[in-house]
Amino acid sequence: MHDHDDGPPAEAERDRAAPAAPPRHRDVTLIGVGVALAEATSVDEVFKAVGSLDSPEFPLDGMAIFDVTEKWLSLLGRYGYRTGHGRTVRMPISTDHPSTEVLRTGRAVYVPTVEEYRERFPTTWMLAARKGSLSWAFLPLVSTGRITGVWLVAFVDHVEFDSGMRATLATLAELISRALDRARTGEAELALSRGLRSSMGRGASEYHGMTVASRYVPTGGGLVVGGDWYDVIDLPSDRLALVIGDVQGHDLHAASLMAQLRTAVHAYAAEGHGPDAVLSRTSRFLTSLDEDRFATCIYIEADPATGTLHMARAGHPDPVLRMPDGTCMIKHLRGGLPLGLMPEEDDYPVNVMELQAGEILMLCTDGLIETGGLDMQTGWIRVRDAMSPGPTGDLEGMADRLIHSVVGPVTEHGEERPTPRNEDDIALLLLRRDTGAQQPVRPVRRVLITIEQDQAEGLAEARTELRALLHDWGRPDLVDTAVLLASELLGNVLVHTDQAAVLIAAVSGEPGHRTLRVEVSDSGDELPHQRTPGELASSGRGLVLLDILSDQWSVRPESEGKTVWFELAEEPDGGPDSDADADAG
């Protein structure tokens, strides 16, 4: 009470009835607690954040959070209470307790005095009396429109629970509910992602003629696993399937879809379907799970004994082929749309190639290429530079170099700093044809390309791969000549027959003295013949150019169709013209 009597009695009465305005520092503290709760991902972090409010205006004595099940209220965590020596604390929802009243009514329960607690809840009063608190509040924790828990707040002093205090407690209860939702989601993500990641494994595996190395790096979103995956599946007759894919998104749903797609691909492969059928069925399966998500994928059926690969691609980045001398090229695969995008129009053509002894095929998700702000072109250069060096036999070292080029420390101003971990996940598969396989060793570089009649874009891809094959050729003009002659031969097949064109390009010999041999085959019966085109003719120049520009060429009849081939010799620096000039001098 005050000794003086200032002001009219009515005004004094209003002052006593009105709630006191909270101090400014309390508002600031509440803002800080709100920020901490927005970042909290566990019950301990929730209690730590709210516990910082303890002050004369918010005289905390203890807190508890109860989880709600069908029949029970279970203690999820507590603050300011004895631990109970690890005992599980729970009560039936039929118990006469303030928390169960919150469940029955859906409204907060405020108990400002000991006497009110004893009167309203006589059967459970002694549970609260042991602590010695003087006021209590019980608030519902609501998630997706239903009560999922109850928050108990006990105070060491009497609290009147005016409108300001009730508003503060309601706001804190809402923030706590959100934090607990994040904690539950985080635990579910962690459990799922750990299981998925352990099922993918790591390391090299040998398959009697082929070796596979694999890596998975969870860079996206802070999860242990996202939507990227790889798999190696044992098939009958000592064959194996290699799968790599990427589900759209980096959330728990993407990881869940990924797990189901992996299972589906396993099932379709076990049923004996080919690569095209596996992708078609998986596309329809993804649509049945979620019409709003899509996934990219490459499925390869490999025969380790022969090195033959049957490959189908669904919107995924093309693989990279590394030759025994370190030459790397993008291996263009005809493909279809991503899985789940338009399942009623799925078409996944099968590409066939033979992996030669010592060659390595690299499959990856786009995180390996584009992480760090790179695009597909600059990212490809990074992949090539990490993949080219080192011996073919060290497949594990090559996998480590590729991953380190993306997630390893970056030197900046003389100091190393870690690269960002908030971009896309990375899945990586390396498949090597072992030199110990029982077959003759082919030329050091060799590429095979098939172009169907309805795949005219394959002509540009063939030019790109041929230039990559000759990336270190001594004379750039000879590279242009090789690309010109190969284009003429491929064009002749596509224009003058109804057959597919098959190009085989092989490089042999020592640098500076190498020979390029290009063969273009088709199944047509008509043999090409040389003719003299008119001045304005747009065709008929192929064999004439072969005769003028190549070192050797010929036509070889096959049991089915024919093969036209040519050879070009790499000339050392100086070349024959220099020698002739020297002799003339």
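Position 1 is the first residue of the sequence, and the numbers go up from there.
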Inset, instruction - Measure from the ring center of Tyr117 to the ring center of Trp136 and say whether it is less than 6.0 Å. - result: yes
Inset, instruction - Assess the pair Tyr348 and Tyr299: is the distance between their ring centroids shorter than 6.0 Å? - result: no
Non-hydrogen atoms of [X] and [Y] that approach each other most closely:
X      : Y      : value
Val212 : Leu395 : C-CD2, 4.1 Å
Val278 : Ala269 : CG2-N, 4.2 Å
Val159 : Pro59  : CG2-CG, 4.2 Å

Inset, instruction - Would you please classify the geometry between the Phe161 ring and the Tyr110 ring as parallel, tilted or perpendicular, with 30° and 60° separating the classes? - result: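 Ring orientation of Tyr110 relative to Phe161: tilted.
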Are side-chain heavy atoms of [X] and [Y] found at a separation under 4.5 Å?
X      : Y      : answer
Trp151 : Leu172 : yes
Phe47  : Ile65  : yes
Thr123 : Thr95  : no
Arg322 : Met398 : yes
Val150 : Leu139 : no
Arg284 : Ser280 : yes
Tyr216 : Asp425 : yes
Thr282 : Leu261 : yes

Legend entry - Short side-chain donor-acceptor distance under 3.5 Å, Asp246 and Thr296: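 Side-chain D/A pair, Thr296 to Asp246: absent.
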Carboxylate-amine/guanidinium contact [X] [Y], below 4.0 Å:
X      : Y      : value
Asp231 : Arg262 : yes
Arg401 : Glu396 : no
Glu101 : Arg120 : yes

Nearest-0.5 Å distance, [atom1] of residue [X] to [atom2] of residue [Y]:
X      : Y      : atom1 : atom2 : answer
Glu45  : Leu180 : CD    : CG    : 11.0 Å
Thr113 : Glu119 : OG1   : CD    : 8.5 Å
Trp380 : Ile369 : CH2   : CD1   : 9.5 Å
Arg334 : Arg313 : CZ    : CZ    : 10.5 Å

Legend entry - Test side-chain contact (heavy atoms from CB on, under 4.5 Å) applied to Val383 and Leu402, step by step: CA-CA 7 Å; Val383 167; Leu402 283 164; 4.0 Å; yes
